[in-house]
Amino acid sequence: MSAADPSSNQPAPSSDQASSGQIDHVLIEERLFPPSEAFTQRAVISTQQQYESLYAAAKDDPDTFWRREALEHLHWFEPFDQVCQWEAPDVKWFVGGKTNASYNCLDAHVAAGNGDRVAIHWEGEPGDTRSLTYRELTDEVGKCAAALKSLGIGQGDVVSLYMPMTPELPIAMLACARIGAVHSVIFAGFSADAIADRNNDAEAKLMITADGLYRRGKVLKLKETVDEALAKSPSVKHCLVLRRIGDDQETPMTAERDVWWHDCVDTQPTALEATPLDSESPLFILYTSGSTGKPKGILHTTAGYNLWAKKTFQWVFDHRDDDVYWCTADCGWITGHTYFVYGPLSAGATCLMYEGAPNQPAEDRFWELVEKYRVTILYTAPTAIRTFIKWGDEHVDKHDLSSLRLLGSVGEGINPEAWMWYHEKIGGGRCPIVDTWWQTETGGIMMSPLPGITATKPGSCTRPLPGVVPIIFDESKRPVTGDQGGMLCMAQPWPGMLRGIWGDPERFREQYWETVPGYYLAGDNARRDSDGYFWIMGRIDDVINVSGHRLSTIEVESALVNHAAVCEAAVVGRPDAVKGQAISAFVTIRDREPDEALREELRLHVRKMIGALAQPDEIRFTNTLPKTRSGKIMRRLLRDIAEGKESAGDTSTLEDYSILAKLREQDN
Ligand code: WTA
């Protein structure tokens, strides 16, 4: 039977019983898509039994399992003497060993005779191209590492990166890893204030950026934003600047502080060797939004993260040497860290990297690239897929996508319509889809279909990978029975788990480990159906997911309240057909007219405080916000209003019923 033909889908053998009345608003999806026999025959994991025995081994005897994997998959300068030291929430993996993530991603392949294999095929937005073999990449990284040293950077120093998607971005990341410096990549869409906050929180010593980048045919001058940030970042001593848009004349350089990449990196006489580093040596910090206004610096360390990135890449993407793999995520997010840099490069993959927008010069850019590079594995986000659907099939139809054999999805739940379109239109019905659930904190994929064996259901991330032991708790902290929804937690440590929040051990404990003592709290609600498949049901906190980007509603509220005209602000997410969630803001103001000019000013203010990705999609002015008698903003009501729903819920504690009517009036 071919999985290509949707009419041939069998209903799930034991159908989902979620309709039994326990859960509202759940997706009932009974279509099943098993992998084709041709795919299964060549797959890395090709039988259910193979998965079950890996899963059991990792769960029942993690020490033996991970010792074997670590010895096989990482290079050890010095062997470790203990696999895992665990006392919640503190964990250490591969204690006493010395390795280096940059070595594992680069030198290891050269040493194995694969130095001439292409590591990165890069395509700039204007159409310029570059390919780097593993040997060339190793040299470039070694030179960049030497340059970092010459700028006074050593082990444990934090380096902030604010860069375009050019090869120098992974080069700089790996150069930090090579000498034990800790990179903190800041997505190049964040504002100067957001950069400064991150620099100050991490006490970054060096900043690496570029004169600019190309985006939708325009030039964005990164260095100007960085200069503004550096004026408020006293810890940063130097700024290394890549020439990307060729703006030597116009790019202001501050003497003593700023230095060009081509003067400092390209001129290094020798490439630096990788430093043997402790397994638990910090590898990177990545800031992400939590349920408070202040983004948290999630810390990952060397050996455990590296192993998790490599193993999960191999399992989920079924990687083979002749694959051309394309992860479309920017390195500014965790997906870019784990599945553009550390996972695929550790596995010796050939990766495509694209600098720009998917509609530049036209809406078929992605498909043109898939055809040109004969991409075999594509990993992208549901929001991108929904955008492509909106743009129309004609852009896809122009291109030969027959090279594709596997498709991945990440960042948010994928709705069944988008799943079906991805499956049929992009995958030609023959490519399995891996819907991967994970988080910045988990380091790598936790739950996902394995493409050679899992019969997928559109919208489910299916089952946990070996080493992942999920458990769902109800509100009274008891494990749920049946397929009730509840808080998703993890019962066992895994090598890629976060090691902390930079500089804030208290918040780390409180946020992830105290709700259900001793268990990692993911922050998502989930349920498990009668086939053992997991369905993610959204966040339990005030985190929203806008175009696959994680934002805290409180972060946006703080930015709004920072404006002189705003007294109070409440921000909620509302469903959006393309972005997943859109940002709705409700504000009370003083001394100003509630007009369009003020709306625009507030949007720009949020853009300045955080970045364009946090700009509210709609702003409603109100005299007061609906609050409970104890003064808490009734977000549920605001969400209903934002969605245009009549509020069905209990409003008995609402302070002022007339507010609701006024807020609704603005719908028109
Ligand atoms: C959501 C991105 C449903 C989830 C890798 C999680 C998903 C948050 C999925 C983490 C998925 C990510 N299905 N929801 N396949 N993948 N999420 O840290 O709410 O940017 O907690 O990591 O995105 O977002 P983050």
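Each ligand, and each atom within it, is numbered from 1 in the order the structure gives. Numbering of residues begins at 1 and proceeds along the displayed sequence.
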Chemist: Heavy atom to atom 6 (C) of ligand 1, shortest distance: which of Leu488, Asp524, Leu551, Ile414 holds it?
Modeler: Asp524

Chemist: For atom 24 (O) of ligand 1, what is the closest protein heavy atom, and at what distance to 0.1 Å?
Modeler: Arg550 CD, 3.4 Å

Chemist: OH/Tyr162 to OG1/Thr225 distance, rounded to the nearest 0.5 angstrom?
Modeler: 4.5 Å

Chemist: Using the ring centroid of each side chain, check whether Trp326 and Phe366 are separated by less than 6.0 Å.
Modeler: yes

Chemist: Could an N or O of ligand 1 be found under 3.5 Å from any N or O of Thr440, whether backbone or side chain?
Modeler: yes

Chemist: Is there a donor-acceptor contact under 3.5 Å linking the side chains of Tyr287 and Asp201?
Modeler: yes

Chemist: What protein heavy atom sits nearest atom 11 (C) of ligand 1, and how far off is it?
Modeler: Glu412 O, 3.5 Å

Chemist: With heavy atoms of Asn545 as the reference, note each atom of ligand 1 found under 4.0 Å away.
Modeler: 1 (C), 23 (O)

Chemist: Of Trp513, Phe473, Tyr512, which is the lone residue that meets ring-ring contact (aromatic ring centres under 6.0 Å, His included) with Tyr519?
Modeler: Phe473

Chemist: Between atom CD of Glu52 and atom CD of Gln48, what is the distance when rounded to the nearest 0.5 Å?
Modeler: 5.0 Å

Chemist: Tell me which one of Trp333, Trp438, Tyr325 satisfies ring-ring contact (aromatic ring centres under 6.0 Å, His included) with Tyr339.
Modeler: Trp438

Chemist: Among all protein non-hydrogen atoms, which one is nearest to atom 5 (C) of ligand 1, and what is the separation to 0.1 Å?
Modeler: Trp438 CE2, 3.5 Å

Chemist: Can you name the closest pair of heavy atoms from Leu406 and Pro432 and give their distance?
Modeler: CD1-O, 3.4 Å

Chemist: Taking distance alone, with N or O pairs closer than 3.5 Å, would you say Gln439 contacts ligand 1?
Modeler: yes

Chemist: Angle between ring planes, Trp419 versus Phe33, binned at 30° and 60°: parallel, tilted or perpendicular?
Modeler: tilted

Chemist: Which atoms from ligand 1 have a heavy atom of Asp435 less than 4.0 Å away?
Modeler: 11 (C), 15 (N)

Chemist: Which of the atoms in ligand 1, numbered in the order shown and given with their element, are less than 4.0 Å from a heavy-atom of Val410?
Modeler: 5 (C)

Chemist: My understanding is that we take every heavy atom of each candidate and find the minimum distance to atom 15 (N) of ligand 1. Doing that for Thr436, Val434, Thr335, which one comes out nearest?
Modeler: Thr436

Chemist: For Arg539, take its heavy atoms, then give the atoms of ligand 1 lying under 4.0 Å from any of them.
Modeler: 19 (O), 21 (O)

Chemist: Give me the residue, atom name and distance of the protein heavy atom closest to atom 3 (C) of ligand 1.
Modeler: Gly413 N, 3.1 Å

Chemist: Could Lys294 and Asp197 be called an ion pair, given the rule that one side-chain N must be under 4.0 Å from one carboxylate O?
Modeler: no

Chemist: Which ligand 1 atoms are under 4.0 Å away from a heavy-atom of Ile536?
Modeler: 3 (C), 14 (N)

Chemist: Check contact between Gly411 and ligand 1, using heavy atoms of the residue and a distance below 4.0 angstrom.
Modeler: yes

